2 protein chains.
Amino acid sequence: MTSLDAIDIRLLEALQKDAKQSIKQLAELVNLSVTPVHERIKKMENSGLIKEYVAVIDPDLLGKTLVAYCQVTLVRHKEDQFQEFEAYMNTLDEVMEVSYVAGNYDFLIKVLLKDMDEFQYFILHKLSKLEVISNIQSSFVIKSFKNNSAIKIRK
Amino acid sequence: MTSLDAIDIRLLEALQKDAKQSIKQLAELVNLSVTPVHERIKKMENSGLIKEYVAVIDPDLLGKTLVAYCQVTLVRHKEDQFQEFEAYMNTLDEVMEVSYVAGNYDFLIKVLLKDMDEFQYFILHKLSKLEVISNIQSSFVIKSFKNNSAIKIRK
DNA sequence: ACTGAAAAGAGCGCACT
DNA sequence: AGTGCGCTCTTTTCAGT
């Protein structure tokens, strides 16, 4: 892990908000010429700190307005059941996030769907197909704030 | 909402994986010349379907290895308490996501931190400052899969 | 580690089919 | 809606401080 100075941090914060800014713009932001800014960014890309650049799509405009969090509990806690669960989750497009957690349940999954009909279908015909699942508790998102992916970088 | 054809969908899927691809590359992908690809992308940007382009940073390389989900319940359900809660969440950098949900609790928040010490500090000195909170139940992420932001686009 | 300039490449508009 | 060309801006490399 390469150490970051104040300029790197400002660049990262800027790129997390808008990755399409030109190096020239970024250079003006940090009061440098383009070359060092270019080098700094390339270094952070190569180290893996900047993992990727992605387009963010508005799910609402695709008709995907229902977000649900499902707390899933498995019947017993055996290694291959976890792998089976994980593998199956990877085949489901509507499943956006899967976290294996320590707490009152085993997995927290975030699901993005069109509506309640799709949700019902998802639960009854997709999730419930797994016999390793003993319990599912769902919460529906009414409103969400702060869906930003930007990580605050402190020294 | 403008309707999407198969080419738009392929472009969106490609841009969700890697926003730094050149239009030339994308044009080859969909077997078109650069101009229509450029027009299609601009149209999707202007309609708001493509909301933004962002750099994705690896939290592990910044030492942020602890992800927690906190289920927060408020004391009573009054409008201004929700706004107070929302406003305060917006001031906290470690809070990545806030969802107001229908279920057994009121809010699900996702928190990104360095370690358990930071978590303890977060709960005791930041979250608990809000008197409107009556209960917090936390689950810690041991392992997470599918942390991709890519939305599956079907017709 | 930075500046400045120069070559290579991408974005973007235009005339046309 | 599509192709192909041309101008402009950006990225990327290189010599020099």
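Each chain gets a letter, A, B and so on, in the order its sequence line appears, and its residues count up from 1. Just so we're clear, the structure is a prediction, and the values are computed from it rather than from any experiment.
Qualifying side chain to side chain contact (heavy atoms under 4.5 Å, CB included) partners for Glu86(B), counting only residues two or more places apart in sequence or in other chains: Lys143(A), Phe145(A), Asn90(B). Taking Lys114(B) as the reference, Glu118(B) meet the side chain to side chain contact (heavy atoms under 4.5 Å, CB included) condition, with sequence neighbours excluded.
Rounded to whole Å, the distance from NZ on Lys43(A) to P on dT13(D) is 14 Å. Rounded to whole Å, the distance from CD on Glu45(A) to P on dT12(D) is 8 Å. Rounded to a whole Å, the NE2 atom of His38(B) is 18 Å from the P atom of dC5(D).
You'll find the side chain of Leu49(B) reaches within 4.5 Å of the side chain of Leu12(B), heavy atoms only. Side-chain contact between Leu127(A) and Ile133(A) is present, with at least one heavy-atom pair separated by less than 4.5 Å. No side-chain heavy atom of Asp18(A) sits under 4.5 Å from any side-chain heavy atom of Gln25(A).
Secondary-structure stems of DNA chain D, taken as three or more successive Watson-Crick or G-U wobble pairs (i with j, i+1 with j-1) under a 3.5 Å distance threshold, comprise C:1-6 with D:12-17, C:8-17 with D:1-10.
Here the two rings, on Phe85(B) and Tyr100(B), have centers that are 6.0 Å apart or farther.
Boundaries of the chain B contact region on DNA chain C are dA10(C) to dC14(C), first to last in 5' to 3' order (nucleotide atom under 4.0 Å from a heavy atom).
Between Phe119(B) and Phe122(B), the two ring planes are tilted [angle within 30° to 60°].
Lys43(B) has no carboxylate O lying under 4.0 Å from a charged side-chain N of Asp8(B), or vice versa, which leaves the two without a salt bridge. The pair Glu94(B)-Lys64(B) fails the salt-bridge criterion, with no side-chain N (NZ, NE, NH1 or NH2) lying under 4.0 Å from an Asp/Glu carboxylate O.
Identified under the ring-ring contact (aromatic ring centres under 6.0 Å, His included) test for residues 25-73 of chain B, with sequence neighbours left out: none.
Contacts of residues 15-37 of chain A with DNA chain C (heavy atom under 4.0 Å): Leu32(A), Ser33(A), Thr35(A), Pro36(A).
A sub-4.0 Å separation between OP1 or OP2 of dA1(D) and a side-chain N or O of Arg40(B) is absent.
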